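Keep in mind the model is a prediction, meaning the values are calculated, not measured. Positions are given from 1, in the same order as the sequence printed here.
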Amino acid sequence: MSNAAPARRLAVIGAGWAGLSAAVRATEAGARVVLFDMARQAGGRARSTPQDGLDLDNGQHILIGAYRETLALMRQVGVDVDQGFWRQPLALVSPDGLGLRLPGGPAVPAFVRGVLGWSELPWRARLALLAHAARWRLGGFRCPADWSVARLCEHLPRAAFDALIDPLCVAALNTPAREASAQVLLTVLKEALFGPPGGADLLLPRRPLQDLLPGPALAWLQSHGTLWRPGCRVQYVAPQAGGGWQVDGEAFDAVVLACSAIEAARLLASLAPEWSSTAAALAYQPIVTVWLRHPGLHWPQAMMSFPAQATPGLPAPAQFGFDLGRLGLAPDTFALVISGAAEWVARGTEDTVQALRRQLQHAFAGSTPAWQDERVSLLAVRTEKRATFACTPDLHRPSASPLPGLAVAGDYVAGPFPATLEGAVRSGRLAIEGLQQA
């Protein structure tokens, strides 16, 4: 592809958020796009599927105000973002009403005011947190590539680390702090907490994910001439003599691989073996989401943060919970998210749900009405074993441009961000821009 003459035909393999982003960008540039996906539904790992009369998302996703490209793409394909999300300044509040609440306004003053007003955090911890944040900002949010988050924060008081850094790390990187990349977390903090006003705002979906991008984007693409081929697992890609590519024998001017790293590694195993080995070597972290029903119960906030190991000897699997009734999605229904969930996947569903019930009973023990286990029913449990790549220090991620005329889009390709929806959407745009500049 070139700026002057976009590819006449472009194959986008994979209709997740990266593939949809790439397809929209390419269509804007004048390409005729064919969109393949091995599933019969667009959206990849961030989609909605029906269960017991509800459209449940494949995991409870959180967006933030700093997801500028994702929000812009939604608006472009016709989504009313203001109606689609519950937006509020960052609040990491536990069931007892304690936690960090950021006010609105410019990022740095809001963060300082929020931390200084965090009354349950000791003054020493508050001041140390502000001092660390100032050093990170003055240092350009850079650190040695081999540092873990635990190493980055080794002199931060434990109270501040447990209350803010650890939950932010597991939410953004889905990797325990002792194993997570400090540099990637610093990049996230720069974009969210210290970027433009509103960057740290929480955006909680008030509609199923399918209605917030996959469905509208696919409709937009088809209205602009894109050919949609669901349930089609591509078997091979191969360069053509004289230029261009073959996809299962069909000719294209260029290709974007927007499938999973495992699928991309399979397709490029003989064409780019080093790239394929790098992609195949990525390790993954699971996420478990549990949906529970409790008739007549409402939480004081749509989103709750649960402290890790709040009581010695009492396991605390979930880090965050969401009142789907408050979000207008499902009355009396609560989604509990367990990130970095390898331990709980190993324990099995029954142990995980039992531990989660005990965690909620203890967390809401002083609430009115209390969380009563006998009134709670299990609606669903979904385990995404390869939810995100393990975002470890100095991680070698595969490039977005392994071969001429072929680009790769996905939240796992080389870049400064962890595996997020914004990372996926950005990678789609960058893949098309890379093909245009080639």
Within the distance-only criterion (no hydrogens, no angle test), does the side chain of [X] pair as donor or acceptor with the backbone N or O of [Y] below 3.5 angstrom?
X: S21; Y: V425; result: yes
X: R375; Y: P295; result: yes
X: D80; Y: D82; result: yes
X: D37; Y: A15; result: yes
X: H132; Y: A128; result: yes
X: W17; Y: A46; result: yes
X: Q51; Y: L379; result: yes

Filter on salt bridge (charged side-chain N to carboxylate O under 4.0 Å, His left out), then keep only pairs touching residues 111-127, sequence neighbours left out; what's left?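 Every candidate salt bridge (charged side-chain N to carboxylate O under 4.0 Å, His left out) pair involving residues 111-127 fails, so no pair, neighbours aside, qualifies.
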I need the full list of salt bridge (charged side-chain N to carboxylate O under 4.0 Å, His left out) pairs touching residues 381-396, with sequence neighbours left out, sorted by first then second residue.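 Pairs touching residues 381-396 that pass the test: none.
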For Q235, is the CD atom crowded, meaning more than 12 foreign heavy atoms sit under 6.0 Å from it?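 Atom CD in Q235 is packed in, count exceeds 12.
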Does R266 have more than 12 heavy atoms from other residues, nucleotides or ligands lying within 6.0 Å of its CZ?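 Enclosed.
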Rounded to the nearest 0.5 Å, how far apart are [atom1] of [X] and [atom2] of [Y]?
X: D351; Y: W344; atom1: CG; atom2: CH2; value: 7.5 Å
X: S377; Y: R293; atom1: OG; atom2: CZ; value: 6.5 Å
X: M304; Y: F334; atom1: CE; atom2: CZ; value: 9.5 Å
X: E179; Y: L173; atom1: CD; atom2: CG; value: 11.5 Å
X: L406; Y: S401; atom1: CG; atom2: OG; value: 9.0 Å
X: W291; Y: Q60; atom1: CH2; atom2: CD; value: 7.5 Å

Any carboxylate oxygen within less than 4.0 angstrom of a Lys/Arg side-chain nitrogen, looking at D201 and R87?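 Looking at R87 together with D201, the answer is yes, because their closest N to O distance falls below 4.0 Å.
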Do R233 and E263 sit within salt-bridge range, that is, some charged N less than 4.0 Å from a carboxylate O?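 Yes, this pair counts.
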Got a sec, which residues hit salt bridge (Lys or Arg N to Asp or Glu O under 4.0 Å) with E343, two or more places apart in sequence or on another chain?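 E343 satisfies salt bridge (Lys or Arg N to Asp or Glu O under 4.0 Å) with R347 only.
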Cut-off 3.5 Å, side chains only: do D55 and S48 have a donor facing an acceptor?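 Not at all, the side chains of D55 and S48 share no donor-acceptor pair under 3.5 Å.
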Would you say the side-chain atoms of Q76 and E28 include a donor-acceptor pair closer than 3.5 Å?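 Distance-only check passes for Q76 and E28.
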Could you tell me whether the side chain of [Y] reaches within less than 4.5 Å of the side chain of [X], counting heavy atoms only?
X: N174; Y: C391; value: no
X: T49; Y: R47; value: yes
X: F36; Y: L227; value: no

T383 and its side-chain contact (heavy atoms from CB on, under 4.5 Å) partner, picked from T289, V288, I287: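 Result for side-chain contact (heavy atoms from CB on, under 4.5 Å) with T383: V288.
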According to the side-chain hydrogen bond (donor to acceptor under 3.5 Å, both in side chains) rule, which pairs have a member within residues 138-153, sequence neighbours left out?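 Residue pairs passing side-chain hydrogen bond (donor to acceptor under 3.5 Å, both in side chains), neighbours aside: R151-E154.
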Taking distance alone, no hydrogens or angles, what donor-acceptor pairs closer than 3.5 Å link side-chain atoms of residues 413-424 to residues at least two apart or in another chain?
from : atom 1 : to   : atom 2 : distance (Å)
T420 : OG1    : G423 : N      : 3.0
E422 : OE1    : T70  : N      : 2.9
E422 : OE1    : T70  : OG1    : 2.6
E422 : OE2    : R68  : N      : 3.4
E422 : OE2    : E69  : N      : 3.1
E422 : OE2    : R426 : NE     : 3.0
E422 : OE2    : R426 : NH2    : 3.4

Which pairs would a plain distance check flag for residues 322-331, meaning a side-chain donor or acceptor within less than 3.5 Å of a matching protein atom at least two apart in sequence or in another chain?
from : atom 1 : to   : atom 2 : distance (Å)
D323 : OD1    : G325 : N      : 3.0
D323 : OD1    : R326 : N      : 3.2
D323 : OD2    : W299 : N      : 2.8
R326 : NE     : W299 : O      : 2.3
R326 : NH2    : W299 : O      : 3.1

Is there a ring-ring contact (aromatic ring centres under 6.0 Å, His included) between F306 and F320? Walk through the geometry before answering. CA-CA 6 Å; F306 297 106; F320 296 98; 8.2 Å; no
